[in-house]
Amino acid sequence: MEDLHGSCLCGGVRYRAALPVAHASHCYCTMCQKQHGAAAGSYANVASAGLTIEQGADLIAEYASSEHGRRDFCRVCGSTLFWRSTESPDRVAITLGTLEPAYPGKVERELFVENKPAWLPLR
């Protein structure tokens with residue numbers, strides 16, 4: 001695999017990201033839970049310089065969810081695409097659920113586990 005490929009739900013945004021993935025994570029912060037409508041936001045952390053928007057750059061909207069957090073999503077279908085920090089502009093977190101094919105690696109980190117929902121199934 002040379003790089004990662006992905007798209008939003010409506011297919012309007014298509015991107016690719018160069019490997020390697022520094023780490024993959026599940027983030028249980030309440031902002032990720034609300035944005036994803038799920039127990040966690042799941043991400044692959046890659047170099048920003050390797051991210052290329054192949055189609056639909058004009059469809060990407062950004063939401064400043066905190067002083068340093070920026071969340072990118074498709075303005076047509078609402079798919080969450082990327083999370084960025086102004087404190088680490090050289091990195092971008094790509095949502096695992098938008099990758100095609102599915103991410104083949106393992107999730108190595110869980111963040112904000114104190115917010116992990118009690119209803120999340122056990123392994």
Side-chain angles (χ1 to χ4, degrees):
M1 179 184 295
E2 287 180 20
D3 51 16
L4 302 173
H5 294 270
S7 68
C8 64
L9 178 62
C10 71
V13 177
R14 295 195 176 281
Y15 68 85
R16 67 181 160 84
L19 294 173
V21 170
H23 62 270
S25 63
H26 294 312
C27 181
Y28 299 103
C29 80
T30 56
M31 286 186 274
C32 279
Q33 289 173 345
K34 285 187 178 280
Q35 185 182 29
H36 292 263
S42 299
Y43 301 98
N45 186 287
V46 298
S48 296
L51 177 63
T52 302
I53 306 302
E54 296 181 320
Q55 174 186 307
D58 59 320
L59 300 179
I60 298 174
E62 181 180 88
Y63 174 66
S65 58
S66 68
E67 201 172 289
H68 69 90
R70 303 296 181 263
R71 296 169 184 274
D72 294 346
F73 60 94
C74 173
R75 66 176 76 239
V76 175
C77 65
S79 290
T80 303
L81 298 166
F82 316 115
W83 184 90
R84 304 168 193 267
S85 172
T86 58
E87 296 172 352
S88 302
D90 59 324
R91 308 300 302 172
V92 61
I94 296 170
T95 53
L96 294 181
T98 61
L99 292 173
E100 303 163 348
Y103 180 64
K106 295 192 182 291
V107 171
E108 299 96 0
R109 295 183 184 179
E110 289 186 303
L111 309 169
F112 298 97
V113 293
E114 65 274 13
N115 296 327
K116 195 172 185 176
W119 51 259
L120 194 66
L122 301 174
R123 285 184 175 218

Report the distance from atom [atom1] of [X] to atom [atom2] of [Y], rounding to the nearest 0.5 Å.
{"X": "L59", "Y": "C10", "atom1": "CG", "atom2": "SG", "answer": "6.5 Å"}
{"X": "W83", "Y": "C27", "atom1": "CH2", "atom2": "SG", "answer": "8.0 Å"}
{"X": "H23", "Y": "R109", "atom1": "NE2", "atom2": "CZ", "answer": "4.0 Å"}
{"X": "T30", "Y": "E114", "atom1": "OG1", "atom2": "CD", "answer": "9.5 Å"}
{"X": "F82", "Y": "T95", "atom1": "CZ", "atom2": "OG1", "answer": "7.0 Å"}

Test side-chain hydrogen bond (donor to acceptor under 3.5 Å, both in side chains) applied to K116 - qualifying residues, sequence neighbours left out: E110
Kindly write out the residues that satisfy salt bridge (Lys or Arg N to Asp or Glu O under 4.0 Å) with E100, not counting sequence neighbours, or none if the list is empty. R14
Between [X] and [Y]: side-chain donor-acceptor atoms closer than 3.5 Å:
{"X": "T86", "Y": "H68", "value": "no"}
{"X": "S88", "Y": "S85", "value": "no"}
{"X": "Y15", "Y": "T98", "value": "yes"}

I60 and F73: same hydrophobic cluster, using ILVMFWY side-chain contacts below 4.5 Å? no
Would you say the side-chain atoms of E2 pair up with the backbone N or O of L19, donor to acceptor, closer than 3.5 Å? no
Between the side chain of E108 and the main-chain N/O of A24, is any donor-acceptor distance below 3.5 Å? yes
I want to check something: taking the side chain as every heavy atom from C-beta on, are [X] and [Y] in contact at a cut-off of under 4.5 Å?
{"X": "P117", "Y": "Y28", "result": "yes"}
{"X": "R71", "Y": "M31", "result": "yes"}
{"X": "I94", "Y": "N45", "result": "no"}

Are H36 and Y43 close enough that their ring centres sit under 6.0 Å apart? yes
Nearest non-hydrogen partners of [X] and [Y], listed with the distance:
{"X": "V46", "Y": "A17", "result": "CG2-CB, 4.1 Å"}
{"X": "L81", "Y": "C74", "result": "CD1-N, 3.9 Å"}
{"X": "N115", "Y": "Q33", "result": "O-NE2, 2.9 Å"}
{"X": "A44", "Y": "L4", "result": "CB-CD1, 4.4 Å"}
{"X": "L111", "Y": "S25", "result": "CD1-OG, 4.1 Å"}
{"X": "D58", "Y": "R75", "result": "O-NE, 3.3 Å"}

For residues 48-56, please give each side-chain donor-acceptor pair under 3.5 Å, one per line with the distance, not counting sequence neighbours.
{"unit_1": "S48", "atom_1": "OG", "unit_2": "P89", "atom_2": "O", "d": "2.9"}
{"unit_1": "S48", "atom_1": "OG", "unit_2": "R91", "atom_2": "N", "d": "3.1"}
{"unit_1": "S48", "atom_1": "OG", "unit_2": "R91", "atom_2": "O", "d": "3.0"}
{"unit_1": "E54", "atom_1": "OE2", "unit_2": "R16", "atom_2": "NE", "d": "2.9"}
{"unit_1": "Q55", "atom_1": "NE2", "unit_2": "G11", "atom_2": "O", "d": "2.9"}
{"unit_1": "Q55", "atom_1": "NE2", "unit_2": "G12", "atom_2": "O", "d": "3.3"}

Take V107 and L96 through the side-chain contact (heavy atoms from CB on, under 4.5 Å) test and state the conclusion after the steps. CA-CA 10 Å; V107 171; L96 294 181; 4.1 Å; yes
